[in-house]
Every structure is written in C-alpha cells, then in structure tokens.
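Working notes, structure below.
Chain letters run A, B, ... following the sequence lines, proteins first, then strands; residues in each count from 1. We use all heavy atoms of the structure for the numbers below, so side chains are in, but hydrogens, waters and symmetry mates are not. This one's a predicted model, so the numbers in the text were calculated from it and none came from an experiment.
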Amino acid sequence: MLIASWNVNSIRARLEHVTRWLGAHNPDVLLLQELKAEEFPSALFEKLGYASAAVTQKSYNGVAVLSRRPLAVISTTLVGDEADSHARFLEVTVDHLRIANIYAPNGNPIGSDKFIYKLAWMDRLYEQMKIWLQSGIPTVVGGDFNVIPEDIDCHKPASWMHDALFQPEPRIRYRALLALGYTDAFRFLHPGQGGHFTYWDYFRNSFERNRGIRIDHFLLSPEATTRLEDCEIDKAARAMEKPSDHAPILVQIEA
DNA sequence: ATGTCGCCTCATAGGCGA
C-alpha cells in the first residue's frame with residue numbers, strides 16, 4: 001500500500017496540484033494538512049476514485065485523508081482535551097491498517113502561548129500513540145510534525161536555533177515517540193543522510209539553494225515497520241508553479 | 001530584522017499565521 005502525506009498550504013490554492021499529483025503517483029492513501037478552509041471538496045476527489053474524510057476549520061489548520069479503498073473514521077480528536085478546537089487530527093482505518101493524519105502546532109514564537117500549546121499537544125500525541133501500541137494493530141502516523149528531529153534534518157542548525165521547530169523541548173518529545181517503539185520511516189531507510197528535506201521557505205530562494213528542513217514524517221509501529229518497503233520525498237512537487245512550501249513524503253507498506 | 005505566501009476583514013491594505 002502506497003501512503004503519502006502532503007502539507008498543501010491551502011486546499012483551494014493547491015487543488016490543481018493535488019489532482020495532478022494523484023494522477024501521476026496514484027497513491028492508495030493521501031494525507032493532507034493545512035487545508036485552511038471550512039469546505040473540503042470531497043465530491044471532486046470522489047470523481048477521481050478517492051473516498052475521503054476531513055476535519056476542517058475556517059482559515060487555519062485542517063486535515064483530510066483520501067483513500068482508494070473504503071476508509072472508516074475512528075476519531076477526529078486527539079486524546080487528552082475534548083475541547084481543543086484546532087483541526088489537527090484524524091484517525092482512520094483502511095483495511096486492517098490504522099492510519100493517523102496529524103498537523104502538529106508550529107509553536108512560534110518560543111515562549112509564547114503557542115509554544116506552550118505545541119508542547120502540550122505533543123504530550124497528548126505521546127499518550128495517544130502509547131495507547132495505539134497496546135492494540136497490536138499496525139499503525140502509521142503521518143503528517144506535519146513541525147519538529148526538526150536532528151541536526152542533519154536542516155541545512156544549517158544555526159539558522160534554526162531560535163525557531164520553535166528546533167528547540168530541545170519539541171525534539172525531546174519527538175524522540176520520546178521513537179522511544180515508545182515507533183520508527184521514523186525515512187531516517188530508518190536513509191540513515192545518516194543529510195540534505196533531504198520536506199519544507200523550504202518561500203523566501204530567499206530557499207528551495208533553489210536546498211535550504212530546507214525535514215519536518216513531515218511517517219512514524220510506524222513495530223507491526224507496520226516489519227512491512228516497510230520504501231520511503232521517499234517527492235522533491236519535484238516543490239518545484240511546480242505556485243507550489244506549497246512542503247513536498248509530499250511517500251511510504252510503501254507491504255500489502 | 002528580514003524575506004513570501006494565503007487567509008481574513010469594521011476589506012482594494014493590513015494583520016495574522018506559517
């Protein structure tokens with residue numbers, strides 16, 4: 001099963017991109033983040049052969065799952081705070097695989113309420129992912145984690161030193177997810193390889209100079225990791241006209 | 001501090017979030 005994840009930075013602005021990309025790569029499942037719209041064009045994707053589920057809000061955030069096979073929505077809220085109004089979480093099952101789509105908070109600037117919320121949200125994600133492990137169901141958690149895991153995951157650590165995505169607190173929490181037993185699919189298959197990013201700023205010709213960061217990830221439970229076949233970043237999508245600032249990441253899971 | 005997008009509005013400019 002080919003599963004992809006893409007932060008599109010507005011589904012309205014990127015509808016053509018997503019449509020074309022689906023045709024070119026034909027994934028079984030596509031996780032979308034940062035829809036930035038109340039309405040999700042599910043009918044359009046239905047015509048392309050994809051069932052979908054979406055959690056949306058006006059202007060901000062928003063996540064959706066597209067699937068060629070039938071999908072069942074399990075949860076739209078992350079454990080630990082039922083009152084959280086941000087559209088950042090969507091858990092589904094496709095066949096016998098659990099697939100969770102997340103859009104973690106950015107958290108900038110450091111020390112702000114948004115930074116506090118980022119850390120609290122990651123603590124909740126930890127609890128959620130711990131619960132999932134106990135079920136033994138193969139689980140794939142994909143999306144925009146808004147964390148630069150290690151120094152090799154950015155072009156130059158010094159330029160991200162004052163950014164929330166590079167702070168010790170979120171990085172420690174990301175590592176805690178791995179310590180639970182989850183595997184960072186891309187890093188597992190490409191150990192020690194720097195220069196592979198999923199996000200590049202719009203300004204300062206960041207993409208042309210490959211000044212990016214790796215913040216979109218697939219974390220796999222042990223049962224899913226044994227079935228991991230491939231994980232790649234589609235850098236070409238970032239080179240399209242009027243692109244999202246993120247590139248899609250793809251993971252191939254056996255059967 | 002800055003750059004660039006996309007969203008929204010006491011809207012055609014400015015603020016916010018990323």
Side-chain angles (χ1 to χ4, degrees), chain A residues 5-21 30-42 44 54-64 78 81 84-90 101-122 125 142-149 153-167 169-171 173-174 197-217 233-249:
Chain A
S5 173
W6 195 4
N7 178 320
V8 290
N9 186 21
S10 166
I11 188 61
R12 280 198 296 263
R14 236 63 68 185
L15 206 47
E16 293 278 330
H17 302 69
V18 174
T19 302
R20 207 177 329 141
W21 195 87
L30 175 60
L31 314 180
L32 299 170
Q33 303 89 32
E34 268 210 274
L35 305 174
K36 289 176 142 182
E38 195 122 61
E39 293 293 314
F40 184 74
S42 51
L44 187 144
V55 180
T56 66
Q57 70 184 83
K58 193 176 177 181
S59 302
Y60 305 116
N61 310 315
V63 289
L78 184 59
D81 184 2
D84 188 351
S85 60
H86 292 211
R88 300 183 176 277
F89 179 86
L90 178 53
N101 183 6
I102 69 150
Y103 175 48
N106 173 293
N108 276 302
I110 298 163
S112 67
D113 287 349
K114 289 191 274 187
F115 190 70
I116 303 295
Y117 174 70
K118 178 192 186 80
L119 301 183
W121 199 94
M122 291 189 76
L125 181 63
D144 180 355
F145 284 70
N146 264 318
V147 177
I148 303 165
D153 295 314
C154 68
H155 68 279
K156 194 169 88 177
S159 14
W160 293 92
M161 232 165 62
H162 304 294
D163 195 286
L165 282 57
F166 200 61
Q167 294 314 296
E169 296 92 334
R171 293 174 78 185
R173 282 164 175 79
Y174 184 84
F197 309 127
T198 64
Y199 169 91
W200 299 260
D201 273 329
Y202 280 126
F203 31 84
R204 285 175 292 191
N205 291 321
S206 301
F207 181 67
E208 288 74 9
R209 300 194 288 173
N210 199 30
R211 292 169 164 264
I213 51 178
R214 192 175 71 92
I215 57 174
D216 299 87
H217 310 297
I233 297 158
D234 179 30
K235 204 177 166 183
R238 182 62 177 77
M240 294 194 281
E241 284 293 309
K242 299 284 283 177
S244 165
D245 40 9
H246 294 249
I249 177 171

**Q.** Nearest-Å distance once atom P is located in both B:dA1 and B:dT12
**A.** 29 Å
Q) Rounding to a whole Å, what distance do you find between A:Tyr199:OH and B:dT4:C1'? A) 9 Å
Q: Write down the distance separating the P atoms in B:dC5 and B:dC10, rounded off to the nearest Å.
A: 26 Å
Q) Can you tell me how far C1' of B:dC5 sits from CZ of A:Phe207, to the nearest Å? A) 16 Å
Q. Rounded to the Å, how far apart are A:Tyr202 OH and B:dG6 P?
A. 5 Å
Q: Check every strand shown and say whether A:Tyr103 touches a base, only sugar-phosphate, or nothing at a heavy-atom separation below 4.0 Å.
A: sugar-phosphate
Q: May I have the distance from A:Lys58 (atom NZ) to B:dC7 (atom C1'), rounded to whole angstrom?
A: 10 Å
Q. Can A:Lys235 be said to sit on top of A:Phe197's aromatic six-ring, NZ or CZ under 6.0 Å from centre and within 45° of the ring axis?
A. no
**Q.** Of the listed nucleotides B:dC7, B:dC8, B:dC5, the one nearest the side chain of A:Arg14
**A.** B:dC5
(Q) I need the CG-P distance between A:Asp245 and B:dA18, as an integer number of Å. (A) 12 Å
**Q.** Whole angstrom value for the distance that separates C1' of B:dG6 from CG of A:Asn7
**A.** 12 Å
Q) How would you label the contact of A:Arg211 with the nucleic acid (heavy atoms, under 4.0 Å): base, sugar-phosphate, or nothing? A) nothing
Q. Quick one: which of B:dC7, B:dG3, B:dA18 gets closest to the side chain of A:Arg204?
A. B:dG3
Q) Is there a donor-acceptor contact under 3.5 Å linking the side chains of A:Asp84 and A:Tyr117? A) yes
Q | Rounded interatomic separation in angstrom, taking CG from A:Asn106 and C1' from B:dC5 | A | 14 Å
Q. Does A:Lys58 use its side chain to pair, donor to acceptor, with the backbone of A:Glu38 at less than 3.5 Å?
A. no
**Q.** B:dT4 versus B:dA11 - spacing of their P atoms, nearest Å
**A.** 27 Å
Q) Okay, side chain of A:Ser244, backbone of A:Asn7: is any donor-acceptor separation there less than 3.5 Å? A) yes
Q: Map A:Asn146 and A:Pro243 onto DNA chain B by nearest heavy atom, then report which one ends up closer to the 5' terminus.
A: A:Pro243
Q: Look at the side-chain N and O atoms of A:Lys118 and state whether any lies under 4.0 Å from the OP1 or OP2 oxygen of B:dG17.
A: no
Q: State whether the side chain of A:Asn106 and the backbone N or O of A:Asn108 hold a donor-acceptor pair below 3.5 Å, judged by distance alone.
A: yes
Q | Under 4.0 angstrom between A:Arg12 side-chain N/O and B:dC8 OP1 or OP2 | A | yes
**Q.** Rounded interatomic separation in angstrom, taking NZ from A:Lys114 and P from B:dG17
**A.** 4 Å
Q. On DNA chain B, nearest-nucleotide positions of A:Phe203 versus A:Ile11: which is more 5'?
A. A:Phe203
Q. Does OP1 or OP2 of B:dG6 have a side-chain N or O of A:Lys242 closer than 4.0 Å?
A. yes
